[in-house]
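Each chain gets a letter, A, B and so on, in the order its sequence line appears, and its residues count up from 1. Remember, it's a predicted structure, so these values are computed and weren't measured experimentally. Values below: all heavy atoms of this structure, side chains included; hydrogens, waters and symmetry mates excluded.
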Number of protein chains: 2
Amino acid sequence: MPVFLNSTDPDFEAAFTTLLNAKREDSPDVDAIVADIIADVRARGDAAVLELTAKFDRLDLTTDRLRIMDAEIEAEAAKVTPDVRAALELAADRIKAYHAKQLPEDQQWTDDAGATLGWRWTPVSAAGLYVPGGLASYPSSVLMNAIPAKVAGVGRLAITVPTPDGILNPAVLLAAKLSGVDEIYRIGGAQAIAALAYGTNTIAPVDKITGPGNAFVAAAKRRVFGKVGIDMIAGPSEILVIADADNDPDWIALDLLSQAEHDESAQSLLITTDAAFGKAVAQAVDKRLETLERRAIAGASWRDFGAVITVPDLDVAAALSDRIAPEHLELCVADPNALSEKITHAGAIFLGQWTPEAIGDYIGGPNHVLPTARSARFSSGLSVMDFVKRTTLAQMTPDALRAIGPGAEALATSESLEAHGLSVTARLQALNR
Amino acid sequence: MPVFLNSTDPDFEAAFTTLLNAKREDSPDVDAIVADIIADVRARGDAAVLELTAKFDRLDLTTDRLRIMDAEIEAEAAKVTPDVRAALELAADRIKAYHAKQLPEDQQWTDDAGATLGWRWTPVSAAGLYVPGGLASYPSSVLMNAIPAKVAGVGRLAITVPTPDGILNPAVLLAAKLSGVDEIYRIGGAQAIAALAYGTNTIAPVDKITGPGNAFVAAAKRRVFGKVGIDMIAGPSEILVIADADNDPDWIALDLLSQAEHDESAQSLLITTDAAFGKAVAQAVDKRLETLERRAIAGASWRDFGAVITVPDLDVAAALSDRIAPEHLELCVADPNALSEKITHAGAIFLGQWTPEAIGDYIGGPNHVLPTARSARFSSGLSVMDFVKRTTLAQMTPDALRAIGPGAEALATSESLEAHGLSVTARLQALNR
């Protein structure tokens, strides 16, 4: 049974805090193992990668088979059914169109002092994308990670995807092809992250690594952070639906279950202005759980981490939502745009009852890599911005230096950084000669 | 003696690679100590903070004195000399004006399928800024960290600054006041980071922590990353000057020394098209080192990590610069804008001989918190963007769902995520009834 709460109950605050702080993930401490793997790959390169792949993926490779070459990609991609291919193509087009609007603009201007200032954006030269293998190997995640990189202008985009027992995922390879991925390697785990970060004879190093992964991958990304850039370390997925009584309980139940079926640690929350509606949704969840393929996973998630919270009005709902800072937020209310304006912290908002969160997972256009575990308080979903960086620009004229140079001299002196001041002084003296 | 290299020498590549890979920083492994401090602050809150402050800063406080109150700030700030106050005010105004142009815009549009898409930016609610104490307590860093946060719209901005033996830095307090900082606490080290991340009875937790610090502070930021957002972990400062022979060697020498004087681990590099000019700069450095106040530090940095590289032309200079991906890049050449166009990886570019890097440190307008240790390949300097986050928006109409919903169903099925597909199917069925 999920938790049923009412925001007007005297013990609500304690129960809600418990819900917020519930630890939903067992993070096994794999850091020592990962440190060894990274050191091994740095020291022995391809040889270490091959050995670790044989050990963890039961796959004996040679260096010339680390990379999946075009002919093999084509042959596998041809196995994808026409409807899935069409869906991937539509999704790729829509994701491209959305992310193209994120490209930031350069700026340059000259101010009153005569200083020309500005900045310029440039793409990361080379990026690596980790794609999980096995069951959680999702073609949609390939699109969501690879397309922003390519839209940003990343010149070289490499994917690593483990293929346990040598089994390839045709849809993943097709998604990579549709996204313009340049290289695909059949390796995974911490060894893949190490190879991307430090390079081997076969795999050139990249500058940035993104993509989801298990505890080993997450620990490896943390360790190589600084040597390369990384995206966020994602936690279990979560959804908050805010719904009034004017909804079909079954639709809302399915929306809740579409998070719950990801992972036993996923969290599905409903905030409603109508307690009876909340009960009806919970009943609809139970009914769907009778037949759902992934009912064991979805049922455990709903039982352990689900909650139905009744509130007196939507203002209270918005306030609670901001404390949750949900990854996915569905607003199934009469005026979703008005409610949306009251929300400050959320990874993605789905407005109205015709926008199930699954649309956003696949085909809406916005990215599905979103901040989890309340990190929407301070971070954003994956975007083109993750694959560009800004260089600031400044150019003084003699007049500009005359105008603002003395200020720099005064501050340098106050910070006891003499050479800083002298570098301005020497130029000002030349101007006054 | 710094290294003298010539890009046309046969052994250049090896020597340049050695230069690139030189480990410039001893990172003492303080992680275990920091883990204990964070656990202690989480468990005992203010009591732990007070004890650790007594131990490390030789300062006995009570909870009511943790925060530096307005009267004390005013009294200290009044001690700042008029020229330094005027310089801080000018710098604050210019930094505000520059960063105001970074505020990102919301977007919303409706596409051909009838889907309304977009995103919205909102500020981080509460941010904490770590300011080092003692010698490296720089008012300019307060401006550079605090102003972007306030321009972004951060509601609550708290500073922690250790005050060993109780000694306050008037210019730091004035800079905080000018930047609109809301709270200042006289604590430092890992205990300050822990207090900001987890909160105590006296200090409310924040969502994001930025600012420079020593190895303990850096390790603590790494540890609380995820609970809160952090900025980059900064390494020692570095400058690359690309100069032709048409420059005053003394000016270039002072620019190199203004990085070298920061830290024995700082790195100052010169790339020049004229070997004789390179020698003249090195001589000018030696001459300035005879009298410079911080000659011990600057001399060690120049000796251990400095280099003068001669190249045949500016194209080679640009290519080497991109491999260095310098934090600060000065282009002292006849057409700095043309050369700038050839540069892809740099934190900040200073164009022309009238733009010494010290202008950027203090008063130019762009931020001086910049990516070090080659991380300009994948990251940017501090900006307003570090204090905002994006919420993506999507709203389907029935027609839009009819148009793209089947694609989502196909992909959900291919990923074996049944509830995802059913959440779309249930709605499409209702539309077809």
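- With a threshold of 4.5 angstrom between heavy atoms, B/I343 approaches chain A through its backbone and through its side chain.
- With a threshold of 4.5 angstrom between heavy atoms, A/L256 does not approach chain B through any atom at all.
- Of the two parts of B/T81, neither the backbone nor the side chain holds a non-hydrogen atom closer than 4.5 Å to a non-hydrogen atom of chain A.
- Between B/P356 and B/L254, the closest side-chain pair of non-hydrogen atoms is not below 4.5 Å.
- Contact annotation for A/L417: both backbone and side-chain heavy atoms come within less than 4.5 Å of a heavy atom of chain B.
- With a 4.5 angstrom heavy-atom cutoff, B/T355 touches chain A via backbone and side-chain atoms both.
- For B/Q108, the part sitting under 4.5 Å from any heavy atom of chain A is the side chain, from C-beta outward, and nothing else.
- Ranked by non-hydrogen atom pairs under 4.5 Å with chain B, the options A/A348, A/P123, A/A410 are led by A/A348.
- Chain B forms the most heavy-atom pairs under 4.5 Å with one residue out of A/K389, A/Q102, A/R374, and that residue is A/K389.
- For A/T425, the side chain to side chain donor-acceptor pair (under 3.5 Å) partners at least two apart in sequence or on another chain are A/E409.
- Note: A/L117 leads A/D83, A/L117, A/L257, A/L329 in heavy-atom pairs under 4.5 Å with chain B.
- The choice from A/W119, A/F225, A/W121, A/F350 that makes the most heavy-atom pairs within less than 4.5 Å of chain B is A/W119.
- Contacts of A/A400 with chain B are absent, with no heavy-atom separation under 4.5 Å from either backbone or side chain.
- Interface remark: B/E293 contributes backbone and side-chain atoms alike to the contact with chain A (heavy atom separation under 4.5 Å).
- Residue A/E89: no heavy atom, backbone or side chain, is found under 4.5 Å from chain B.
- Contacts of B/P139 with chain A are made by both backbone and side-chain atoms, with heavy-atom separations under 4.5 Å.
- A 4.5 Å side-chain heavy-atom check between B/V388 and B/P104 finds at least one atom pair inside the cut-off.
- With a 4.5 angstrom heavy-atom cutoff, A/A91 touches chain B only via side-chain atoms.
- In terms of modelled atom types and a separation under 3.5 Å, the side chain of A/Y98 and the main chain of B/G118 share a donor-acceptor contact.
- Neither the backbone nor the side chain of A/F387 comes within contact range of chain B; no heavy atom of the residue lies under 4.5 Å from a heavy atom of that chain.
- Heavy-atom distances place the side chain of A/E330, and not its backbone, under 4.5 Å from chain B.
- For the options A/H345, A/K227, A/R288, A/Q259, heavy-atom pairs under 4.5 Å to chain B are most numerous at A/H345.
- In terms of the ring pair (Phe, Tyr, Trp, His ring centres under 6.0 Å) criterion, A/H328 has no residue partners (sequence neighbours excluded).
- In this structure, chain A has no heavy atom under 4.5 Å from any part of B/A86.
- Proximity to chain A is limited to the side chain of B/L431, based on heavy atoms less than 4.5 angstrom apart.
- Put simply, of A/I359, A/D207, A/T122, A/T397, the one with the most heavy-atom pairs under 4.5 Å next to chain B is A/D207.
- Looking only at distances, no side-chain donor or acceptor of B/R94 sits under 3.5 Å from a matching main-chain atom of A/I404.
- B/S379 touches chain A through its backbone: at least one of N, CA, C or O sits under 4.5 Å from a heavy atom, while the side chain does not.
- Residues B/H368 and B/S141 are in side-chain contact: their nearest non-hydrogen atoms beyond the backbone lie under 4.5 Å apart.
- Using a 4.5 Å cut-off between heavy atoms, A/M385 touches chain B through its side chain atoms alone.
- The backbone N or O of A/E261 sits less than 3.5 Å from a side-chain atom of A/R294, completing a donor-acceptor pair.
- The closest donor-acceptor contact from the side chain of B/R427 to the backbone of B/S423 lies under 3.5 Å.
- Between B/Y362 and B/Y138 the shortest side-chain heavy-atom distance does not fall below 4.5 Å.
- Both the backbone and the side chain of B/L411 come within contact range of chain A, judged by heavy atoms closer than 4.5 Å.
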Pair B/K208-A/R377, side chain to side chain contact (heavy atoms under 4.5 Å, CB included): steps then yes or no: CA-CA 9 Å; B/K208 174 120 191 181; A/R377 291 174 297 126; over 6 Å; no
Side chain to side chain contact (heavy atoms under 4.5 Å, CB included) between B/T392 and A/N367, intermediate numbers included: CA-CA 8 Å; B/T392 62; A/N367 211 286; 5.9 Å; no
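- Contacts between A/D255 and chain B at a heavy-atom distance below 4.5 Å involve backbone atoms as well as side-chain atoms.
- Using a 4.5 Å cut-off between heavy atoms, B/W109 contacts chain A through its side chain alone, with no backbone atom that close.
- Contact of B/D322 with chain A is not made at all, since no heavy-atom distance falls under 4.5 Å.
- In this structure, CD1 on A/I230 lies 8.5 Å from CD1 on A/I209, to the nearest 0.5 angstrom.
- Heavy atoms of B/N169 lying under 4.5 Å from chain A are absent altogether.
- Under the 3.5 Å distance criterion, the side-chain polar atoms of A/D386 are matched with a main-chain donor or acceptor of A/S383.
- Residue B/V172: no heavy atom, backbone or side chain, is found under 4.5 Å from chain A.
- Using a 4.5 Å cut-off between heavy atoms, A/V154 does not touch chain B at all.
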